Amino acid sequence: MAERGLTIAEFRRRLSVWFSSRARDLPWRRGVDPYQTWISEVMLQQTRVDQALPYFERFVDAFPDVRALAEAELDEVLLNWEGLGYYGRARNLHLAARQVVRDHGGQIPGTYDGLKQLPGVGDYTASAVGSLAFGLPEAVLDGNVIRVLTRYDAVPDDVGRSPVRRQLRRRAQALLDPTNPGTHNEAMMEVGATVCTPRNPRCAECPIQSGCAAHLVGSQEQYPVKAQKAPVPEVQVAVAVIEREDGRLLVQRRPPSGLLGGLWEFPGGKIEAGESPAEACAREVREELGVEVHPIHEITVIRHAYSHFRIVMSAWSCRLASGVPATTNGEPCLWVTRDQLADFAFPRANRRLIELITQETD
DNA sequence: CATTCGTGGCA
DNA sequence: TTGCCAAGAAT
């Protein structure tokens, strides 16, 4: 492809000069620790820097190296991940850490293929960790780079399509500065995150503006082209806050995979058609724990959006009528004090409910 | 190739 | 209030 505006050498140079003065001071950039690079890249999957920042500090403090992470309990890892979302990332980090200790003597693999074999490490993360921590000449292709390149080349095709992704990856690889792949990759993502933003891009501050095909005709906000997503359905949910005579509350652990896998929660579930929230509450507790409860009063209603659906959660204060709760799915359930609720990883919607019931006298 | 998997910020 | 979307991976 013949280059417009900027030669590849000029592209690399302008990007490099810009990044040398505009790079944000981020904690995982202060040293070159493959472990920290790995943790940060996993945290940054589908997650903004501002949101990941406090989690990174806390996580590497709690688990300073691969061995510490490998020796930790999953519950402890999830507790440190609580609120960050996509909890499969935390489960995979934990699995991968044990794999690294068992199969690689505690050393993070320094090759693209070695990295990709770790659970939770895909094309992007293998390229990112490989280039940043080990200097491998692998171009990253994340949402930032896709946005920068589709604007730079005015790519009219749907970036969700595999052939388009492959072409973009080749383009990124051709532009990659082989003398400093890690810094080049970071610079590309930094441009996307701070200048070439989805809305209101700061083209006047862009180091590669003079080569940008979209900016030439003012169409930068039309890229990247994406197929529109289906609207998210809304689900009505009822949960039971069951309080025992001694004040302890009943919580259970979710199955180890799937939505919010491994997190703890108050029992409950979907409200079926024609069913009241209180009825659903009692039925779910009966099905999940084999006991009868009396819903006393509705504590609150919490609306919450997940990635592909949203819920309206009706929370009910309940009394145990009879029986000893035991889960029917083999996962543990526990009577815990209100203070102990801080020691278990809960989904966001549950945590908001906990904030309510622990600050009031109920 | 399409779907599943969180959360918070922003217009 | 709603929709969009952000340093993707697994299935």
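Chain naming here is simple, since letters A, B, ... match the order of the sequence lines and numbering starts at 1 in each. Note that the structure is predicted; figures quoted are calculated from it, not measured.
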>> Within the 4.0 Å heavy-atom criterion, would you say A:Arg169 contacts the bases, only the backbone, or no part of the nucleic acid?
In response: nothing

>> Measure CD/A:Gln228 against P/C:dG3 and give the value in whole Å, please.
In response: 12 Å

>> Can you work out whether A:Leu118 or A:Val232 has the more 5'-proximal nearest nucleotide on DNA chain C?
In response: A:Val232

>> Under 4.0 Å, heavy atoms only, any strand: does A:Leu26 hit a base, just the sugar-phosphate, or nothing?
In response: base

Distance-only donor-acceptor hits, side chain of residues 57-67 of chain A, under 3.5 Å, sequence neighbours excluded:
unit_1: A:Asp65; atom_1: OD1; unit_2: A:Arg67; atom_2: N; d: 3.2
unit_1: A:Asp65; atom_1: OD1; unit_2: A:Ala68; atom_2: N; d: 2.8
unit_1: A:Arg67; atom_1: NH2; unit_2: A:Gly105; atom_2: O; d: 3.1

>> Considering every strand and a 4.0 Å limit on heavy-atom distances, what is the contact class for A:Val121: base, sugar-phosphate, or nothing?
In response: sugar-phosphate

>> Between A:Glu243 and A:Arg338, does any side-chain N to carboxylate O distance fall below 4.0 Å?
In response: yes

> Hey, is CZ on A:Arg244 packed in by over 12 heavy atoms from elsewhere, all under 6.0 Å?
Replying inline: yes

> Would you call the rings of A:Tyr35 and A:Trp38 parallel, tilted or perpendicular if under 30° counts as parallel and over 60° as perpendicular?
Replying inline: perpendicular

> When we call it a touch if two heavy atoms are under 4.0 Å apart, what does A:Asp123 touch: a base, just sugar-phosphate, or nothing?
Replying inline: sugar-phosphate

> For the pair made of CD in A:Gln117 and C1' in C:dA9, what is the distance, rounded to whole Å?
Replying inline: 16 Å

>> Taking ring-ring contact (aromatic ring centres under 6.0 Å, His included) as the definition, give me every residue that meets it alongside A:Phe344, ordered by chain and number, with sequence neighbours left out.
In response: A:Trp264

>> Could you tell me how far apart A:Ile311 (CD1) and C:dT2 (C1') are, to the nearest whole angstrom?
In response: 17 Å

> Within this structure, what is the CG-to-C1' distance between A:Leu93 and C:dA9, rounded to whole angstrom?
Replying inline: 12 Å

> Looking for any heavy atom pair under 4.0 Å, which part of the strands does A:Arg29 touch: base, sugar-phosphate only, or nothing?
Replying inline: base

> Does a nitrogen or oxygen in the side chain of A:Lys226 sit under 4.0 Å from OP1 or OP2 of C:dA6?
Replying inline: yes

>> Return whichever of A:Gln51 or A:Gly160 has its heavy-atom-nearest nucleotide of DNA chain B closer to the 5' end.
In response: A:Gly160

> Can you check the A:Tyr306 OH to C:dA6 C1' distance for me, whole Å?
Replying inline: 20 Å

>> Measure CZ/A:Arg91 against P/C:dT11 and give the value in whole Å, please.
In response: 10 Å

> A:Arg147 near the nucleic acid: base, sugar-phosphate alone, or nothing, with a heavy-atom cut-off under 4.0 Å?
Replying inline: sugar-phosphate

> For A:Leu259 and C:dT11, what is the distance between atoms CG and P respectively, to the nearest whole Å?
Replying inline: 16 Å

> At under 4.0 Å between heavy atoms, what does A:Ala52 touch on the DNA or RNA strands: base, sugar-phosphate, or nothing?
Replying inline: nothing

>> Please classify the nucleic acid contact of A:Gly261 as base, sugar-phosphate, or nothing, using heavy-atom distances under 4.0 Å.
In response: nothing

> Do you know which two heavy atoms are closest between A:Cys203 and A:His215, and how far apart they sit?
Replying inline: CB-CD2, 3.5 Å

>> Classify A:Arg48 by what it touches in the nucleic acid, base, sugar-phosphate, or nothing, heavy-atom distance under 4.0 Å.
In response: base

> Looking at side-chain heavy atoms only, is the closest gap between A:Val239 and A:Pro267 below 4.5 Å?
Replying inline: no

>> Nearest whole Å is fine: how far is C:dG8 C1' from A:Leu84 CG?
In response: 13 Å

>> Nearest heavy atom decides the nucleotide; on that basis, is A:Asn200 or A:Gly88 closer to the 5' end of DNA chain B?
In response: A:Gly88

>> Here's a test for you: under side chain to side chain contact (heavy atoms under 4.5 Å, CB included), which of A:Leu353, A:Val293, A:Ile354 qualifies with A:Val241?
In response: A:Leu353

> Less than 4.0 Å between a side-chain N and a carboxylate O, is that true for A:Arg171 and A:Asp153?
Replying inline: yes

> 5'-most contact on DNA chain C: A:Arg310 or A:Pro119, nearest heavy atom basis?
Replying inline: A:Arg310

> Nucleotide range of DNA chain B contacted by chain A, 5' to 3', under 4.0 Å to a heavy atom?
Replying inline: B:dC1 to B:dG8

>> Under 4.0 Å from OP1 or OP2 of C:dG8: is there any side-chain N or O of A:Gln46 that close?
In response: yes

> If you look at every strand shown and take non-hydrogen atoms under 4.0 Å, does A:Ser162 touch a base, only sugar-phosphate, or nothing?
Replying inline: sugar-phosphate

